[in-house]
Amino acid sequence: MTDQVRTRIAPSPTGAPHVGTAYMALFNLAFARKHGGRMVLRIEDTDQLRSTPESEEAILQALSWMGMKWDEGPDCGGEFGPYRQSERTALYQAEAQRLLEQGNAYPCFCSSERLDQVRKEQMANKETPRYDGHCLSLTPEEIEERKNQNEPWVVRLKVPAEGECRFTDELRGEISIEWTQIDHQVIQKSDGFPTYHLANVVDDHLMEISHVIRGEEWISSTPKHVLLYEYLGWTPPSFAHLPLLRNPDKSKLSKRKNPTSINYYQDAGFLPEAMLNYLGMMGYTLPDQREIFSLDELCETFEIKRVSLGGPIFDVEKLKWLNGRYLREKLSPEEVLQKLIDWKGGPDFFRKIIPLALPRLETFSDFFPISQFLLNESPVYPLEELAGKQEPVEVARILKVAEWELEKASTWDRDSLSSIFQNLAEKEGKKLKELLAPFFVCMTGSKVSLPLFDGMALLGADLTRTRIRKALQLLSENGAGLSKKGLKALEKEYRQSYGNRID
RNA sequence: GUCCCGUUCGUCUAGUCAGGUCAGGACACCGGGUUUUCAUCCCGGCAACAGGGGUUCGAAUCCCCUACGGGACGCCA
């Protein structure tokens, strides 16, 4: 055990790279650098169902794009590997076994149906929903027998029945939570994989993480982690819980209300340095209060105690202002040109547009107007244009279903988009042409444009999805959106004809 | 509902740890100047210590209560 500072960023590869991940990474990195330590990147892919290699790749790429480097990780190795939890299951199983043997954990055979039922009843009785201890009283013989019958089972953490858990948060001081508030968490699932709680404790210990700097959302499960450290006979790291990035309405940052994918900002033409700088001023100011600073400057002067705890609202307007300053003050016109070309202003991107535009061109001057929607952040159009001849509410319905379907797309190209919409038309009993009308408007701002699927493919998933959400927003601002009830009904209907949603 | 965390201009925040310019900067907004327009740039303005009790000569700063906001309560992380 060294006394070196070691921090970690532990993203779960279950979707688009989130700005919140970058935010946490930034502070972990700054803290590690400031103290001459190292930052580890660990992939938390213990959710077999939702984790994908594509997402992992996208996250690593997005963080790199933002200019962050980690000292150890699945891509660059390190002496504490492997850095992917799916490759460390034996480690977790051994510890789970140990906890079982020590009597700190117990097997549970309850079905998820029963669990749901119990939860429902507890909610109805206004109790805190938690495991009722059903399997706690199983005898060793019963356990043996049920295991032999191949009944699926999980491992649950035994939690003290009374007293309270105290731990210190570096930013908030001492926090205490009654043990009665803590659920008998599942620490190993029936597929043999650990849940976050176990994996995170085992890995943080084995990887010699000295400081756990993570989001505020984890405060309430910290007692489980503290308990695990105790049961396993390990010294816990110090904890610091950072505030969460918020939507303008103060709720936790979510893609419904704000673009959250790092790729969105990349595709929309933001500079990574400006993004990083902006995130660095969320809940934090440098000691001298300067507001334009580089990653290195942040790292050199970083003091974690300066983090302020009120949840900062992610304000795209201010981000844009900052980005503008970078463009004007940090780059020469020549550099701007080069970056513009690398973005979407060069032959690579134009080459993809030409075949689509060509049949519609008479002169060169036709090119830019017709391709404009591929280069701007989002088109503007009046509501009437979006609704067309259809009922606005019906349009909202279709957009929503499409949003969910698009969420599931694992590949993003002309053909896969085409089949998604073919399927949509079929299920909705509409002609493709009719179905597509509002999508032309929300993607391009016009009823007539380049072929839609090619356009969406070039736009990329993030810009496309955001345009759909913006259209939905426009609709609801004008009283034609889905009501809460309507949304719920739609969701149910959706599940029946399209299957489960994944986000 | 229960528990936990939080609360300075509309927004990001300084000041809080070592009480004593009733509060500084930035975005946005408004006004003025430079500019053939716009933008940039420059100048100016608007605007906040959530409320109530204490402690103190004195509180944004320390303590308590209330309110409000957020988070957590999954075989998700």
Side-chain angles (χ1 to χ4, degrees), chain A residues 10-15 18 20-21 24 42-51 85 108-112 115-116 119 122-131 152-156 164-165 167 169 171-173 175-183 185-200 214-224 241-253 278-292 305-322 324-325 327-329 502-503:
Chain A
S12 170
T14 53
H18 198 279
T21 305
M24 291 304 152
R42 179 174 74 220
I43 295 294
E44 308 231 324
D45 56 350
T46 54
D47 186 335
Q48 285 287 276
L49 241 70
R50 299 197 305 152
S51 297
Q85 292 186 327
C108 169
F109 296 88
C110 295
S111 65
S112 38
L115 262 18
D116 284 346
R119 245 192 299 274
Q122 288 170 330
M123 291 284 225
N125 294 333
K126 304 196 169 175
E127 293 166 36
T128 304
R130 68 178 86 99
Y131 185 61
W153 59 287
V154 302
V155 179
R156 277 185 191 277
E164 58 181 18
C165 174
F167 61 93
D169 179 286
L171 300 172
R172 298 159 205 262
I175 295 176
S176 59
I177 298 175
E178 304 266 340
W179 283 121
T180 52
Q181 292 299 322
I182 310 299
D183 200 7
Q185 254 301 327
V186 171
I187 55 174
Q188 183 176 291
K189 313 176 210 179
S190 55
D191 64 3
F193 272 66
T195 58
Y196 170 84
H197 306 285
L198 211 216
N200 136 81
R214 72 222 304 195
E216 183 172 30
E217 51 192 333
W218 292 110
I219 293 178
S220 44
S221 39
T222 303
K224 293 166 195 169
H241 293 94
L242 265 28
L244 260 22
L245 260 20
R246 312 274 191 98
N247 294 312
D249 69 359
K250 299 212 186 256
S251 56
K252 172 171 154 182
L253 191 66
Y278 183 67
L279 288 178
M281 55 202 270
M282 297 273 82
Y284 188 75
T285 38
L286 299 213
D288 66 2
Q289 286 200 66
R290 86 192 94 146
E291 36 186 7
I292 304 279
K305 296 271 190 202
R306 291 186 62 83
V307 170
S308 65
L309 301 176
I313 291 170
F314 190 88
D315 178 10
V316 183
E317 284 308 308
K318 190 156 182 176
L319 206 207
K320 284 185 180 174
W321 160 79
L322 192 65
R325 282 194 64 173
L327 248 23
R328 270 173 259 119
E329 296 171 21
I502 49 160
D503 71 325

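Order of the sequence lines fixes the chain letters, A, B, ..., with proteins taken first and strands second; residue numbering starts at 1 for each chain.
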Could you tell me whether the side chain of A/Ser190 has a donor or acceptor atom within less than 3.5 Å of a complementary atom in the base of B/C75?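 Indeed there is one.
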Look at the side chain of A/Lys318 and the base of B/A28, then say whether one donor and one acceptor between them are separated by less than 3.5 Å.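 When only heavy-atom distances are counted, A/Lys318 does not reach the base of B/A28 through any donor-acceptor pair under 3.5 Å.
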Scan the side chains in residues 312-322 of chain A for donor-acceptor partners under 3.5 Å anywhere in the protein, sequence neighbours excluded, and list what turns up.
from, atom 1, to, atom 2, distance (Å)
A/Asp315, OD1, A/Glu317, N, 3.1
A/Lys320, NZ, A/Glu377, OE1, 3.2

Minimum-distance nucleotide (side-chain atoms of A/Leu115 versus B/C75, B/G70, B/U40):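 Output: B/C75.
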As a test of reading the structure: which of B/A77, B/U11, B/A26 is closest to the side chain of A/His197, going by heavy atoms?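 Selected nucleotide (nearest to the side chain): B/A77.
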Using a cut-off of 4.0 Å on non-hydrogen atoms, how would the nucleic acid contact of [X] be classed: base, sugar-phosphate, or nothing?
{"X": "A/Arg214", "answer": "nothing"}
{"X": "A/Val186", "answer": "sugar-phosphate"}
{"X": "A/Pro129", "answer": "base"}
{"X": "A/Cys110", "answer": "base"}
{"X": "A/Gln289", "answer": "base"}

Are the charged groups of A/Asp288 and A/Arg290 less than 4.0 angstrom apart, N to O?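 Yes, this pair counts.
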Between P on B/C41 and CZ on A/Arg328, what's the gap in Å once rounded to a whole number?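 Interatomic distance, CZ of A/Arg328 to P of B/C41: 5 Å.
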